[in-house]
Peer 1: 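Submitted below is the structure of interest, expressed as structure tokens.
We're numbering straight along the sequence, starting at 1. Heavy atoms only: backbone and side chains are in, while hydrogens, waters and symmetry mates are out.
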Amino acid sequence: MTEKIGVVGAGIVGLAVARELAKVRGAEVTVLEKESRVGAHQTGHNSGVVHAGIYYPPGSLKARLCREGVALLKEYCAANALPYDEVGKLVIASTRAERPLLSALAERARANGVPGIAELDGLALREIEPHAVGVGAIHSPHTAICDFPAVARRLALDVAEMGGSVRLSHPVRGIRERAGKVEVVAARRKFTFDRLVVCGGLGTDTVAEMAGHPGDVRIVPFRGEFYALRDVAKDLVRGLIYPVPDPRYPFLGVHLTRQIDGGVLVGPNAVLALAYEGYRWRNIGNVRQILGWPGTLRMARAHWRTGLKEAYGSLVKSAFLSGARRYVPELSAADLVRAPGGVRAQAVSRDGHLLDDFVVDVHGNIVLVRNAPSPAATSSLAIARHIAGIVPAPV
């Protein structure tokens with residue numbers, strides 16, 4: 001009898017997992033998605049960067065899956081005629097105080113096997129990005145950009161071609177384990193699966209609670225806001241320009257990112273949101289759940305100064321601009337126009353710690369992807385292989 005597996009969430013990770021399970025297990029896979037399209041949230045609201053693996057601790061799951069994921073994604077895009085462009089990335093130190101962090105980052109990148117890493121001085125970096133400034137930089141020539149929503153759409157087609165289905169507008173209403181099966185009510189239908197994999201992203205906590213496994217971490221959403229450069233300013237940025245990241249946070253700071261369509265984004269920042277899909281300040285629909293988690297307040301107490309700085313940058317355009325001008329000083333306020341933002345699902349532990357690596361729990365026949373942080377889109381095909389190896393095999 002053919003194994004039946006359900007996957008909750010039609011973001012890029014959920015779709016990649018569905019495709020992998022259909023491919024390696026020969027399973028009949030059904031993806032349940034509450035929105036009317038695939039990739040509606042994090043997949044469709046990121047900067048489109050294919051990360052090379054510069055930032056992650058060597059030996060970590062995140063580092064390994066990123067490097068594997070880059071190779072798989074590049075191959076997948078080529079095989080399916082999807083856009084993929086190695087525009088290169090500069091991580092720039094703007095002060096001498098950042099030079100030691102930059103050198104440590106270069107060593108980490110080499111330890112992770114990132115190809116072509118070069119350390120540049122302030123003059124050499126301008127050969128890569130003529131309008132950028134800094135006292136030094138790391139150059140990653142093979143860091144790329146792609147169209148992640150297009151990848152998600154192609155993965156959905158793969159699932160269908162392998163005999164599975166992607167059920168859009170099917171929000172999950174209830175989950176119950178009975179007689180060795182997992183029963184799921186989605187929209188107005190009941191599905192019965194042998195296994196269920198939850199890749200719920202921003203909706204992870206809601207689905208995990210339905211399954212009876214709320215766990216010891218919760219999703220705390222962070223809104224990332226972007227500006228876009230007007231056409232007259234796009235030529236100021238050739239590829240990707242990033243700051244040296246603060247090692248205390250899993251966020252990378254305001255950066256400048258060329259898009260696959262030729263546009264350039266500036267951002268994002270990282271502001272605590274009060275709704276899981278809190279794309280605007282006025283969205284506060286989940287304030288009770290978010291602030292009710294003890295880890296949220298403990299995190300806020302530990303990092304309130306940074307939180308205020310991020311909120312100020314969100315509300316005051318000149319503050320946002322100053323972050324970008326630190327690296328490209330020719331930019332002016334007139335060059336920046338508001339662009340659609342995104343919300344990042346960040347897992348936070350009860351003690352207020354921001355989890356920086358992938359977290360996957362197994363509860364009988366239910367697999368919960370608790371935390372799939374950046375570079376989840378980059379790593380999606382490798383994450384899928386990893387999760388397929390975790391999903392319990394038929395008895």
Peer 1: Tell me which pairs pass salt bridge (charged side-chain N to carboxylate O under 4.0 Å, His left out) where either residue lies in residues 149-166, with sequence neighbours left out.
Peer 2: R19-D158, R154-D158, R154-E161
Peer 1: Can you name the residues that form a salt bridge (Lys or Arg N to Asp or Glu O under 4.0 Å) with D231, not counting sequence neighbours?
Peer 2: K234
Peer 1: Donor-acceptor pairs under 3.5 angstrom involving side-chain atoms of residues 3-16: please list them, not counting sequence neighbours.
Peer 2:
{"from": "E3", "atom 1": "OE1", "to": "R25", "atom 2": "NE", "distance (Å)": "3.1"}
{"from": "E3", "atom 1": "OE2", "to": "R25", "atom 2": "NH2", "distance (Å)": "2.7"}

Peer 1: With sequence neighbours excluded, give me every side chain to side chain donor-acceptor pair (under 3.5 Å) pair touching residues 114-129.
Peer 2: R110-E119
Peer 1: Any side chain to side chain donor-acceptor pair (under 3.5 Å) involving residues 193-207? Give me the pairs, sequence neighbours left out, ordered by first then second residue.
Peer 2: K181-D194, R195-N365
Peer 1: Which atom pairs, one a donor and one an acceptor, fall under 3.5 Å between side chains of residues 77-86 and the rest of the protein, sequence neighbours left out?
Peer 2:
{"from": "N80", "atom 1": "ND2", "to": "Y76", "atom 2": "O", "distance (Å)": "2.9"}
{"from": "E86", "atom 1": "OE1", "to": "H142", "atom 2": "ND1", "distance (Å)": "3.0"}
{"from": "E86", "atom 1": "OE2", "to": "K74", "atom 2": "NZ", "distance (Å)": "3.0"}

Peer 1: Can you list everything that forms a side-chain hydrogen bond (donor to acceptor under 3.5 Å, both in side chains) with H170? Sequence neighbours excluded, please.
Peer 2: none
Peer 1: I'd like to check the salt bridge (Lys or Arg N to Asp or Glu O under 4.0 Å) partners of D147; sequence neighbours left out, ordered by chain and number.
Peer 2: none
Peer 1: Has N112 got a side-chain atom pairing as donor or acceptor with V114's backbone, closer than 3.5 angstrom?
Peer 2: no
Peer 1: Can you list the residues that meet the ring-ring contact (aromatic ring centres under 6.0 Å, His included) rule with F148, with sequence neighbours excluded?
Peer 2: none
Peer 1: Would you list the pairs meeting ring pair (Phe, Tyr, Trp, His ring centres under 6.0 Å) in which at least one residue belongs to residues 362-395, sequence neighbours left out?
Peer 2: H213-H363
Peer 1: What ring pair (Phe, Tyr, Trp, His ring centres under 6.0 Å) pairs are there with at least one residue in residues 315-341, not counting sequence neighbours?
Peer 2: Y227-F320
Peer 1: Counting N and O atoms only, with roles assigned by atom type, does the side chain of K62 sit under 3.5 Å from a partner on the main chain of D356, one being a donor and the other an acceptor?
Peer 2: yes
Peer 1: Check residues 262-279 and write down every donor-acceptor pair under 3.5 Å in which the side-chain atom is one partner and the other belongs to a residue at least two apart or another chain.
Peer 2:
{"from": "N269", "atom 1": "OD1", "to": "E225", "atom 2": "N", "distance (Å)": "2.8"}
{"from": "N269", "atom 1": "ND2", "to": "E225", "atom 2": "OE1", "distance (Å)": "3.0"}
{"from": "E277", "atom 1": "OE2", "to": "K34", "atom 2": "NZ", "distance (Å)": "2.7"}
{"from": "Y279", "atom 1": "OH", "to": "H41", "atom 2": "ND1", "distance (Å)": "2.6"}

